[in-house]
Number of protein chains: 2
Amino acid sequence: MATEKTASPKGMTSSSSSLHESVRAEISKRIENGFYKPGDAIASTAQMSEELGVSAITVKRAVRDLQSAGVLESVPGKGTFVKEKRRFIRELDVWMSSMDNARRLGFEPRMELVSITKERIADPTLALFGPPDNVYLCVRKIIYADGQPIMYDAAYVPTSVPDEIVDEFGEHFIVTALNRHDVAVKDMSLVIDAAPASSGAQKIFAIPNTYPMLRRLYHISTETPGIDVFGVVESPFDRLACSINLSKEAISRMEKK
Amino acid sequence: MATEKTASPKGMTSSSSSLHESVRAEISKRIENGFYKPGDAIASTAQMSEELGVSAITVKRAVRDLQSAGVLESVPGKGTFVKEKRRFIRELDVWMSSMDNARRLGFEPRMELVSITKERIADPTLALFGPPDNVYLCVRKIIYADGQPIMYDAAYVPTSVPDEIVDEFGEHFIVTALNRHDVAVKDMSLVIDAAPASSGAQKIFAIPNTYPMLRRLYHISTETPGIDVFGVVESPFDRLACSINLSKEAISRMEKK
DNA sequence: GAGTGGTCTAGACCACCCT
DNA sequence: GGGTGGTCTAGACCACTCC
């Protein structure tokens with residue numbers, strides 16, 4: 001079958017080797033051109049299949065890859081839409097909470113407590129910080145900016161932390177809540193990486209497949225013996241970036257070497 | 001067709017809704033169990049298709065998702081293999097070059113100059129730093145750790161930089177080369193995010209589809225007027241992470257607020 | 001009911017690798 | 001030649017939404 005074999009079906013630039021790549025490029029081009037604007041629905045699979053002269057499955061393949069790339073979003077029964085691209089930048093150097101950070105950038109932040117449970121640290125990547133193998137209070141929360149979920153935070157705090165402080169975890173960031181009760185933060189280690197979404201994050205952010213999230217692993221140590229906090233923050237990579245400024249002082253350390 | 005409809009074909013845990021997710025989970029389970037070890041070839045599509053009682057396409061779908069997740073790697077004509085998981089951690093706080101950083105962590109680093117061309121800054125994300133719209137020298141290089149490519153660096157340096165310094169870009173990091181010629185670095189801004197691989201990075205790292213890379217955008221400003229460097233480093237997210245330590249001094253700034 | 005995307009299948013062709 | 005993965009197709013069913 002497949003009798004006619006046109007090199008480049010219906011006016012697509014056949015720059016790529018495979019057909020689904022060409023289709024993907026065509027859709028991307030239309031978005032860049034402004035033919036499809038953010039929020040718009042693109043042509044349906046059936047339409048585009050006929051229009052470009054390729055099979056419906058090939059169109060679906062291209063669309064799925066663009067979903068993964070954070071460009072498109074499909075709603076079953078409705079259509080496939082061009083995602084709004086607005087990205088939140090978390091400034092790590094200014095050292096303020098994400099909430100303050102958001103406000104400064106003109107976002108309307110909101111925090112939602114998901115659960116407080118007693119758990120051991122499950123995430124093997126947190127082993128990087130060498131946390132004691134205890135049972136912790138695991139505080140999970142979602143941070144929104146302008147209604148969009150941008151972070152999913154799982155913090156492991158020692159069970160020895162008094163209830164007055166725990167009660168504030170729903171409204172405040174961990175560090176803020178600790179500070180308000182005179183538990184001074186001594187030091188904070190961060191590891192930034194990307195990894196497939198946890199099951200919790202998959203539900204919250206509606207991640208289509210095992211797609212990587214931008215992740216911040218943290219270890220907060222305090223002046224109070226026995227109070228160390230470990231945690232993971234996951235964010236969709238198209239909605240968050242981190243910024244840092246390394247000042248002259250830090251650089252001078254290098255020059256001395 | 002598809003007459004028999006077993007809920008959970010051939011002893012897979014049907015924890016997921018869709019079939020390809022179950023297949024994916026099954027493969028992941030076998031890797032966790034140690035049934036498939038790093039470097040091993042997994043069962044071929046045809047074998048697994050029969051073994052699990054699902055169509056070959058569904059197996060391929062599951063394998064493709066695991067490729068994207070950085071778990072599997074397929075070599076056409078040979079088979080599909082479990083990737084070795086060894087990750088390089090770039091310490092940003094210590095403020096040393098990636099080469100020194102690598103040696104300290106027991107990696108054997110190597111740098112390979114790809115090209116030095118005259119270009120304007122193409123990457124729109126670098127606009128974040130507000131670079132002047134000039135023609136720059138674009139220095140592209142690959143950094144390897146133990147033979148594995150872990151970074152793809154594209155640096156834009158002003159054309160006014162003397163040739164003696166440019167000649168050293170092939171062997172040294174930008175900052176190191178500048179320092180060696182008394183161009184002192186004043187300040188460095190970093191943005192860490194994840195984004196689909198550039199075309200160059202796709203080739204170097206053999207990225208299957210438009211899969212996101214961990215990215216570091218940088219802006220280096222120097223004491224010498226007119227010498228500012230902008231750049232992008234891309235890394236496969238399963239091969240690199242960044243670490244930072246925020247010391248007590250940085251935190252004290254917050255407490256004062 | 002008509003249209004949408006999501007899933008699954010069977011079958012085919014190709015390029016590649018190994019023996 | 002026989003195996004592998006990669007691609008493409010046609011056709012089907014489902015759940016969903018909107019009219």
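Residue numbers begin at 1 in each chain, while the letters A, B, ... track the order of the sequences. All values below come from the heavy atoms of this structure, side chains included, with hydrogens, waters and symmetry mates left out.
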Expressed as a whole number of angstroms, how long is the span from [X]:[atom1] to [N]:[atom2]?
| X | N | atom1 | atom2 | answer |
| --- | --- | --- | --- | --- |
| Glu73(A) | dT17(D) | CD | P | 15 Å |
| Phe81(B) | dG3(D) | CZ | C1' | 12 Å |
| Ile27(B) | dG5(D) | CD1 | P | 11 Å |
| Leu52(B) | dT9(C) | CG | P | 11 Å |
| Asp65(A) | dG6(C) | CG | P | 12 Å |
| Leu19(A) | dC14(C) | CG | P | 15 Å |
| Arg61(A) | dG6(D) | CZ | P | 9 Å |
| Glu21(B) | dC8(C) | CD | C1' | 14 Å |

Practice item. Would you check, one step at a time, whether the test side-chain contact (heavy atoms from CB on, under 4.5 Å) holds for Val63(A) with Met48(A)? Key: CA-CA 11 Å; Val63(A) 167; Met48(A) 200 168 289; 5.6 Å; no

Review point. Which nucleotide in the list dT9(C), dT7(D), dG5(C) gets nearest to the side chain of Val54(B)?
Key: dT9(C)

Point to revise | Candidates dC8(D), dT7(C), dT9(C) - which lies nearest the side chain of Ser18(A) | key: dC8(D)

Looking at [X], I'd like to know whether one of its side-chain N or O atoms comes within less than 4.0 Å of OP1 or OP2 on [N].
| X | N | value |
| --- | --- | --- |
| Ser55(A) | dC8(D) | no |
| Arg64(A) | dG6(C) | no |
| Gln67(B) | dG6(D) | yes |
| Ser74(B) | dG5(D) | no |
| Thr58(A) | dT7(D) | no |

Point to revise | More than 12 heavy atoms from other groups under 6.0 Å of NZ on Lys85(B) | key: yes

Exercise for review: Starting from the 5' end of DNA chain D, give me the residue, Ile57(A) or Lys78(A), whose nearest nucleotide shows up first.
Suggested key: Ile57(A)

Review point. Between Val75(A) and Lys60(A), which is nearer to the 5' end of DNA chain D once each is assigned its nearest nucleotide?
Key: Lys60(A)

Check your understanding: Between Phe107(A) and Phe88(A), how do the two ring planes meet: parallel, tilted or perpendicular, split at 30° and 60°?
Key -> perpendicular

**Study point:** Counterpart residues, side chain to side chain contact (heavy atoms under 4.5 Å, CB included), relative to Arg239(A) (two or more places apart)
**Key:** Lys83(A), Gln148(A), Pro149(A), Ile150(A), Phe205(A), Pro236(A)

Exercise for review: Mind checking Gln47(A) for me? I need base, sugar-phosphate or nothing, with any heavy atom below 4.0 Å counting as a touch.
Suggested key: sugar-phosphate

**Study point:** With sequence neighbours excluded, residues passing side chain to side chain donor-acceptor pair (under 3.5 Å) with Ser44(A)
**Key:** none

Exercise for review: Check for a donor-acceptor pair, side chain of Thr80(B) on one end and backbone N or O of Glu73(B) on the other, with a separation under 3.5 Å.
Suggested key: no

Review point. Is Lys141(B) salt-bridged to Asp153(B), cutoff N-O under 4.0 Å?
Key: no

Point to revise | Pair Glu32(A) + Lys29(A), salt bridge at N-O below 4.0 Å | key: no

Revision key, fill the gap. Per the under-4.0 Å heavy-atom filter, residues of residues 35-46 of chain A near DNA chain D come out as none

